Number of protein chains: 2
Amino acid sequence: MELESICFSSDCRSRGLFDQIADKWSAMVLAILSARPHRFNVIRRRLEGVSQKALTQCLRRLERNGLVNRRVISLSPVAVEYEITPLGRSLQKPLGALHQWTLDNLAEVDAARETFDDRQSDDAFGGVQVGNRTD
Amino acid sequence: MELESICFSSDCRSRGLFDQIADKWSAMVLAILSARPHRFNVIRRRLEGVSQKALTQCLRRLERNGLVNRRVISLSPVAVEYEITPLGRSLQKPLGALHQWTLDNLAEVDAARETFDDRQSDDAFGGVQVGNRTD
DNA sequence: CGGCATCCACAAAGATACTG
DNA sequence: CAGTATCTTTGTGGATGCCG
């Protein structure tokens, strides 16, 4: 299994990169941009729940890592467009596969969580309810 | 492109799940466990740089989401073994693909970062050095 | 419009110490 | 051995205000 080839040493630089690219906002932004370039506030609106700060940081990171390009279209009023790069497109597939996995296995994960949480409650006080997690 | 099927609404539950499963420690733990079950400190040692707290939390999360099983082998001295579940194995493939991507594209990302960082410095003070990022 | 700067609250990460 | 508890430090998210 190719997974065994993962490098575990603490100075393996792919660790840091993994952290930078594997987040849900990045995955969603790349998905949105895969169709065509978009402007900041359009992305912001489509990504219900993202703060402007979080989106700015996400786009900066994507830009710095070469996954999107930022283009100023016009000044006054300022218009900025973000477009996906070929490198960004290449990342889309694995990121999409991961997202697909969450979709396919949501139910099974939920079931596992219930089992786990029930077991925790029982362990804590033989049957006494302590309030269930809802996250 | 299947990526377009990503759900962007803020109540889409797959968002939260994405955040829970897409982290480097989880990917590495699953990779380690794919060969055979391992005990806590063995995993800890192979994952150079992970804190005991981070690993505990990671394993708890993996367990709660049904990706690994925790088995107490013996009491005094306490021995615990973690084994990957079928669900965990199914997650390994997409996670591994993501890791493979970081390996394949580290150089290209590095180049992009240099370009980006240089441009930032120039923008700030036409040529005056302000200290380069090293992260 | 597309940001950045600031402040605040809270969550997460680390280090250390202790336990069955 | 495999954690838990605690404390401290760092980071992140939200709200707000300002700018070109």
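Order of the sequence lines fixes the chain letters, A, B, ..., with proteins taken first and strands second; residue numbering starts at 1 for each chain. Values below: every heavy atom of this structure, side chains too, minus hydrogens, waters and symmetry copies. Everything quoted here is computed from the prediction, not taken from an experiment.
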**Prompt:** Can you find a side chain N or O atom of A:Tyr82 that sits less than 4.0 Å from OP1 or OP2 on C:dG3?
**Reply:**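 Affirmative; the distance criterion is met.
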**Item:** A:Arg70 vs C:dG3: side-chain N/O to OP1/OP2 distance below 4.0 Å
**Value:**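 So the side chain of A:Arg70 is within the cut-off, an N or O lying under 4.0 Å from OP1 or OP2 of C:dG3.
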Applying side chain to side chain contact (heavy atoms under 4.5 Å, CB included), can you list everything that pairs with [X], at least two apart in sequence or on another chain?
X	answer
B:Ile73	B:Ala79, B:Glu81
A:Thr115	A:Arg119
A:Glu83	A:Pro37, A:Asn69, A:Arg71
A:Gln52	A:Phe40, A:Arg44, A:Thr56

Check the distance between [N]'s [atom2] and [X]'s [atom1] and give it to me in whole angstrom.
X	N	atom1	atom2	result
A:Glu63	C:dC4	CD	C1'	15 Å
B:Arg61	D:dG3	CZ	P	15 Å
B:Arg60	D:dA5	CZ	P	11 Å
A:Leu55	C:dC4	CG	C1'	14 Å
B:Asp19	C:dA12	CG	P	11 Å
A:Gln20	D:dG11	CD	P	14 Å
A:Leu75	C:dG2	CG	P	12 Å
A:Leu59	C:dC1	CG	C1'	14 Å

**Message:** So A:Trp101 and B:Leu87, do their side chains get closer than 4.5 Å, heavy atoms only?
**Reply:**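 B:Leu87 vs A:Trp101: side chains touch.
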**Message:** For a 4.5 angstrom cut-off between non-hydrogen side-chain atoms, does B:Phe116 reach A:Glu63?
**Reply:**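 In short, these two side chains touch, coming nearer than 4.5 Å.
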Sort me out a list of protein N/O and nucleotides 12-14 of chain D N/O pairs below 3.5 Å, or just none if empty.
unit_1 : atom_1 : unit_2  : atom_2 : d
D:dG13 : N7     : A:Lys53 : NZ     : 3.1
D:dG13 : O6     : A:Lys53 : NZ     : 3.4
D:dG14 : OP2    : A:Ser51 : OG     : 3.2
D:dG14 : O6     : A:Lys53 : NZ     : 3.1

side-chain hydrogen bond (donor to acceptor under 3.5 Å, both in side chains) against [X], all qualifying residues, sequence neighbours excluded:
X	value
A:Ser51	none
B:Trp25	none
B:Asn41	none

Shorter than 3.5 Å, N or O on both sides, protein versus nucleotides 17-20 of chain D: list them out with atom names.
none

**Request:** With sequence neighbours left out, write down each residue that passes salt bridge (charged side-chain N to carboxylate O under 4.0 Å, His left out) with B:Arg61, or none if nothing qualifies.
**Result:**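 Once residues adjacent in sequence are excluded, the partners of B:Arg61 under the salt bridge (charged side-chain N to carboxylate O under 4.0 Å, His left out) criterion are B:Asp23.
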**Prompt:** Closest to the A:Phe40 side chain: C:dG2, D:dG3, C:dC4?
**Reply:**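 Nearest nucleotide to the side chain: C:dG2.
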**Prompt:** So, does A:Thr85 use its side chain to make a donor-acceptor pair with the main chain of A:Gly66 at under 3.5 Å?
**Reply:**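 Such a contact is found between A:Thr85 side chain and A:Gly66 backbone.
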**Message:** Applying salt bridge (Lys or Arg N to Asp or Glu O under 4.0 Å) as the test, list every pair that has at least one member in residues 103-112 of chain A; sequence neighbours left out.
**Reply:**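 Listed by first then second residue: A:Asp110-B:Arg13.
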**Request:** Indicate, with a heavy-atom threshold strictly under 4.0 Å, whether A:Arg39 touches base, sugar-phosphate, or nothing.
**Result:**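 Sugar-phosphate contact only - A:Arg39 comes under 4.0 Å of backbone atoms but never of a base.
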**Message:** Base, sugar-phosphate or nothing for A:Arg44? Non-hydrogen atoms, less than 4.0 Å.
**Reply:**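 Answer is nothing: A:Arg44 stays at 4.0 Å or more from every strand.
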**Message:** Tell me the bend of the helix from C:dC1-D:dG20 to C:dG20-D:dC1 as the angle between end helix axes, each from five pairs, rounded to the nearest 10 degrees.
**Reply:**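 One end axis against the other gives 50°.
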